[in-house]
Structure formats: C-alpha cells, structure tokens
2 protein chains.
Amino acid sequence: MMSDTVQPTGSKPAQPDGSPPVQEAAPAFSPLYRQIKQRLVRSLQAAEWQPGQAIPSEMELAARFQVSQGTVRKAIDELATDNLLVRRQGKGTFVASHAEQATQYRFLRLVADAAPHEGTDTRLQRQLLTCRRMRAPAEVVRQLALKPGDPAVQVQRLLLANRPEGPVPMVLEDLWLPGTTFKGLSAERLVAWRGPMYRLFEVEFGVHMVRAEEKLRAVAASAEDAALLAVPAGSPLLLVERLAYTYGDQPMELRRGLYHTEHHHYRNELS
Amino acid sequence: MMSDTVQPTGSKPAQPDGSPPVQEAAPAFSPLYRQIKQRLVRSLQAAEWQPGQAIPSEMELAARFQVSQGTVRKAIDELATDNLLVRRQGKGTFVASHAEQATQYRFLRLVADAAPHEGTDTRLQRQLLTCRRMRAPAEVVRQLALKPGDPAVQVQRLLLANRPEGPVPMVLEDLWLPGTTFKGLSAERLVAWRGPMYRLFEVEFGVHMVRAEEKLRAVAASAEDAALLAVPAGSPLLLVERLAYTYGDQPMELRRGLYHTEHHHYRNELS
DNA sequence: CAGTGGTCTAGACCACTAG
DNA sequence: TAGTGGTCTAGACCACTGA
C-alpha cells in the first residue's frame, strides 16, 4: 500500500505541485470524508473485504487514512445509509450482504394483502424454468452496458406462494446477467442453492447488488405467461422491470417480473 | 416557554428524583439529539414555523436547548434526511414544503416512458370531477383513524397528459380527507388553485404531508373507470392506494389512483 | 475486561449567501 | 462583512459485545 494521505480539494491550501487548474465548472469541492468514502467503495469494489465480513475499526481506518476518527465515521455513516455497510455497536462495521434474515429479499416488495395468520408460511417456493447462455440481445447489451456480441445468461423461474391447497404461482421472472462475470452459472447450481439468489451471486461470483431501479406497469397476461401463472389469458398483471447495480453504479442484472396481484401487492414507502 | 434543559435518559447520571425505575423492556436509551429531534418535530406539529419558512439557526437552538451546536446539528441532520427540513448552506434551515420546484410532485412516481423531447410539456392538466362532503365510510374511518360518524371530504379528479393531439387522461384519482381538518375545502377552491394539491393543503389548512405508504396492484378497468380514462373496458390499469401522513405519523389522506401505464410507468428506486 | 461503535462537547476554520 | 450551514479535529465518556 502506498502513501495514504488525503487533502481537501478546496482552494485554501494552495497546491504547490503543478496540478492543472482545469475546473470543469462542476467539481466544486469534495470534503475529506467523501474522499474517504470513495476509497472505501473502491476497496469494496476490489473485494478487499467480503460481504458479511467486518471491515477494520474506525480507529484503524483513521490511522490508515491519516484523518481523525470523526471523519472516518462520517464516511462510514453515509455508506451505512447507502446500505453498503452495516454498523453493529460493540462488534464492528460489516460489509452488507443478502445473507442476513432482515435483508434477505430486500428488493422483493411483494407482500400478501392480509396480515399473515399465525403459522402461515410466507416464504416463496422457487421453480427454475430455464437457464441458458447466449449472445446478449440488443436490449440487454444496452441496459447492462455490454459490448455487442458479449455473452449473457438468461434465467427464467417461477416463485410460488405456499397456500393450504398447495403452492400457487405468484411471480414469473426472466432475468439476464453478463455472461463473462457469471461464467459458471448453471441450472444445477441454481436448483441446488438454498437461500436468496443474490446471496448466491455473492458467494459464487463475488457480485453484491447494492441498489436497483424499477419500472412498474400494468399489462395483460399473454397466453404463454397466463399458462405459467395459472391465470386466464388477458388477466391484469404487474410488470416490474428491474435494473440492479453493484458497487460503483455498475449495472449487473436486468430482471423482468410478472406479478400476480390478486392477493398480493407491491408495497412502497414514499418520503 | 418553560425550562428547556434536557437530560440523557441513560442510567449513568443517577436520577436524584424519585423517578420510577419501570423499564418496559423497550425504551432502552434515547440520546440527547433524539430528544432534540422530537422537540423540533413537536414544534413543527404545533406550526411554530410554517412550511417554506426558516427555523432558528443552529446556534440559537443550541442555546435554547442548552446543548452544543453539534448535538442540534445531528438532530437537524436526521430531520433533513426524513424530509421534514431542508438545509441551505449560507441561508439557513427551512421547513420542507410542497411548493419548491424540485419537490413539487414528490409523491407522484408516474413518468413518461420515452425521454421527453425538447419542448415537450411534461406537466399534467387537472380536471375536477367531484368534491363532496359526507360521513366517512367504514374503510376511510379505519385508515384515517377517525371516529365512526366523522365527516370526510371526497375528491375525484382526472390528471391528463399534454399530447400533440390534445390532453389524454392518464390518472383517475379518488381521495378522502378528514372533514373537520379540511372544513373549507370546496370545488371552487380546488379549481382555482394553481400548483400542487399538497401545497394547497399547507396554505389553506396547515397540513403538510411528510411521507406516504403505497400499495400497488394491476387491475382490469371497470366500465366506469374505462370511460373516464378513455380506454377499453377490462384494460389493465395500475391501482395505487396511498395513505399519506403528516407530522407525528398521523394519517391524513387516503388516495386511490388508477394509472394508465401504456406510455408511462411508475418509477421506483430500491436500496 | 478490552475493544467496538455511539454520543457529546468545544473550538477552529471553510464554503456559501446576502446586504 | 456578518451570519449561516459544513467540515475537521481532539478528547472524554457511554453503550454494547464477547472473551
């Protein structure tokens, strides 16, 4: 590791080095704690610490970066609000992961209408339909920022709710991943995996999903989709198009979900 | 105003007064800055400062509450993240309102599919359908925490997108408000008002909406709704049920929206 | 008990706004 | 230039965890 000192980008400590005064009208001023934050993100991106693992203590990081503990603290605070890190008093600060119970299906906003009765199994069953490798279609190339001709992995699956009368289809998902990053992904691995798919991505491919953007629409079920979801053709379905990002705002997954919302709904909090 | 000193609720400064040691297993510990935060919320609730107005400076508040500036700062920081306050460097801290350009339709997540062309009018026209006063229906009583028999105001309206070929219906809204709080609300006032409805609520009724919860579903258009939205009966529509809250988590508005999502979508960010 | 994050303070200085 | 919020520091002490 090399010199790790940090300087504010402000104009007060006149830069003695011949650094160019090219101000592109935007950069303005980046406080120290944001530079620390960026460094931490880069460390996460470089997988210096794995999801679920602890990062160094605030004191250690302060020493490494040659700043006060308070400055490191502010950087970590922001990363914690961004859900990149998780603070645990008395224990340390940990890299966020999709393994913990609390955040397991963080991006799935579908909930049952009625308050679940005591003992109702709210977990969803999974049923893999397809998992294949191919050249990425144009739309996938565009959204995942691939190069034309790059490989992609397509996965299709059903999520089913556990009802007394048996499992009923609830969500039909169709998702696309960059083929180079997800080289070893196969139907076998997907079927064998217990737990959230995003956790599998962390464990097997070192990819942690940080955030996502979704576009929602109401659509009529095609004959094909209707059959898979066991609803009449033409039924209204909630179409959820998701673009999920990993560290550094890099798009990593394109997911198209069809939700059957007769007894469930998509929950959202506005503020 | 009375004594304004604050004490941590922690156990270290042994309470000399005979305050009961009843620990209900939950309260745990409330840091100073959270108590300050609560006080500020109560001041907002009491309309001590109006939406859009500046609150006292950090130094003034620190003096008033007998704490350091840093503690006030942390309280305000949280209120700013909660969107109750807005900080403006060099100017002061202001009570959030639905008047500013940036946050005008903060709760409306409907956006056009295509990037709007230069000069396209993205604003929506409003067309009031009904505004009437009545005894609140059971569902409204429940959701708005009213008493049975309490009055309510029902408003129905259309939002229309401006297209080259003229305005086309996009959203059909049906909303319910507590009749006592919204005593003077009438069709005339609604029609005359220019700007966001939530801003009208602030100006005329002193009600500021802080946050909201939404439940989304795909439904088939009824004959009636279809006619108003100018779509075929049975068309898939996005049903958005919103419960909006004012200061202190008090439910204040129940809104049911039907979105036509053929050329628009509901945008959501997950993190 | 040592080590972690969490709170609170006091003071210096910077960035931004407006008179 | 005065007043606001924003950053950074250093130090003291508290709350929580686990050995």
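None of the values given here were measured: they were computed from a predicted structure. Chain letters run A, B, ... following the sequence lines, proteins first, then strands; residues in each count from 1.
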>> Going by side chain to side chain donor-acceptor pair (under 3.5 Å), name the residues that satisfy it together with B:Ser68, two or more places apart in sequence or in a different chain.
In response: B:Thr71
> Can you tell me how far P of C:dC8 sits from CG of A:Asp77, to the nearest Å?
Replying inline: 14 Å
> Of all residues at least two apart in sequence or in a different chain, which pass the side-chain contact (heavy atoms from CB on, under 4.5 Å) check with A:Arg73?
Replying inline: A:Glu58, A:Asp77, A:Arg87
> Nearest to the side chain of A:Glu60, which nucleotide is it out of D:dT4, C:dT4, D:dG6?
Replying inline: C:dT4
> Among all residues two or more places apart in sequence or in another chain, which pass the side-chain contact (heavy atoms from CB on, under 4.5 Å) test with B:Lys91?
Replying inline: B:Arg88, B:Phe94
> Can a side chain N or O of A:Lys74 be found less than 4.0 Å away from OP1 or OP2 on D:dC8?
Replying inline: no
> What is the distance from CD of B:Glu78 to P of C:dT7, rounded to the nearest Å?
Replying inline: 8 Å
> What pairs with B:Tyr245 under side-chain contact (heavy atoms from CB on, under 4.5 Å), at least two apart in sequence or on another chain?
Replying inline: B:Arg211, B:Glu213, B:Leu243, B:Asp249, B:Pro251
>> Rounded to whole Å, how long is the line connecting atom CG of A:Leu85 with atom C1' of C:dG5?
In response: 13 Å
> In chain order, what residues pass the side-chain contact (heavy atoms from CB on, under 4.5 Å) check against B:Gln50, with sequence neighbours excluded?
Replying inline: B:Ala47, B:Gln53
> Atom CZ of B:Arg34 and atom C1' of C:dC8: how far apart are they, to the nearest Å?
Replying inline: 15 Å
If you restrict it to nitrogen or oxygen atoms, what contacts under 3.5 Å exist between nucleotides 10-12 of chain C and the protein, and what is each distance?
none

> How long is the line joining CD1 of A:Ile55 and P of C:dT4, in whole Å?
Replying inline: 12 Å
> Who are the side chain to side chain donor-acceptor pair (under 3.5 Å) partners of A:Gln143, not counting sequence neighbours?
Replying inline: A:Glu139
> Judged by atom type as modelled, is there a donor-acceptor pair below 3.5 Å linking the side chain of A:Trp49 to the main-chain atoms of A:Gly52?
Replying inline: no
> Does anything in residues 86-96 of chain A reach DNA chain D, meaning a heavy atom under 4.0 Å, and if so which residues?
Replying inline: A:Gln89, A:Gly90, A:Lys91
> Got a sec, which residues hit side chain to side chain donor-acceptor pair (under 3.5 Å) with A:Glu241, two or more places apart in sequence or on another chain?
Replying inline: A:Arg217
Report all side-chain donor-acceptor pairs from residues 104-112 of chain B shorter than 3.5 Å, counting only partners two or more places apart or in another chain.
{"from": "B:Gln104", "atom 1": "NE2", "to": "B:Ala99", "atom 2": "O", "distance (Å)": "3.2"}
{"from": "B:Arg106", "atom 1": "NE", "to": "A:Ser271", "atom 2": "O", "distance (Å)": "3.3"}
{"from": "B:Arg106", "atom 1": "NH2", "to": "A:Ser271", "atom 2": "O", "distance (Å)": "2.9"}
{"from": "B:Arg106", "atom 1": "NH2", "to": "B:Val210", "atom 2": "O", "distance (Å)": "2.8"}
{"from": "B:Arg109", "atom 1": "NE", "to": "B:Arg267", "atom 2": "O", "distance (Å)": "3.2"}
{"from": "B:Arg109", "atom 1": "NH2", "to": "B:Asn268", "atom 2": "OD1", "distance (Å)": "3.0"}

>> Quick check on D:dG6: is either OP1 or OP2 less than 4.0 Å from any side-chain nitrogen or oxygen of B:Arg73?
In response: yes
>> Can you list everything that forms a side chain to side chain donor-acceptor pair (under 3.5 Å) with B:Glu100? Sequence neighbours excluded, please.
In response: B:Ser97
>> In this structure, how many angstroms lie between the P atom of D:dG5 and the CG atom of B:Leu79, rounded?
In response: 14 Å
> Is a donor on one side and an acceptor on the other found under 3.5 Å between the side chain of B:Thr181 and the backbone of B:Pro178?
Replying inline: no
> Under 6.0 Å between the ring centres of B:His208 and B:Tyr247?
Replying inline: yes
>> Just the rounded figure in Å: distance from P of D:dC13 to CZ of B:Phe29.
In response: 16 Å
> Over how many whole Å does the gap from B:Glu58 atom CD to C:dA15 atom C1' extend?
Replying inline: 14 Å
> Based on Watson-Crick and G-U pairs with both distances under 3.5 Å, what dot-bracket line describes DNA chain C 5' to 3', crossing pairs as [ ] and inter-strand pairs as |?
Replying inline: ||||||||||||||||||.
> Hey, is the side chain of B:Thr71 poking within less than 4.0 Å of OP1 or OP2 on C:dT9, counting only N and O atoms?
Replying inline: yes
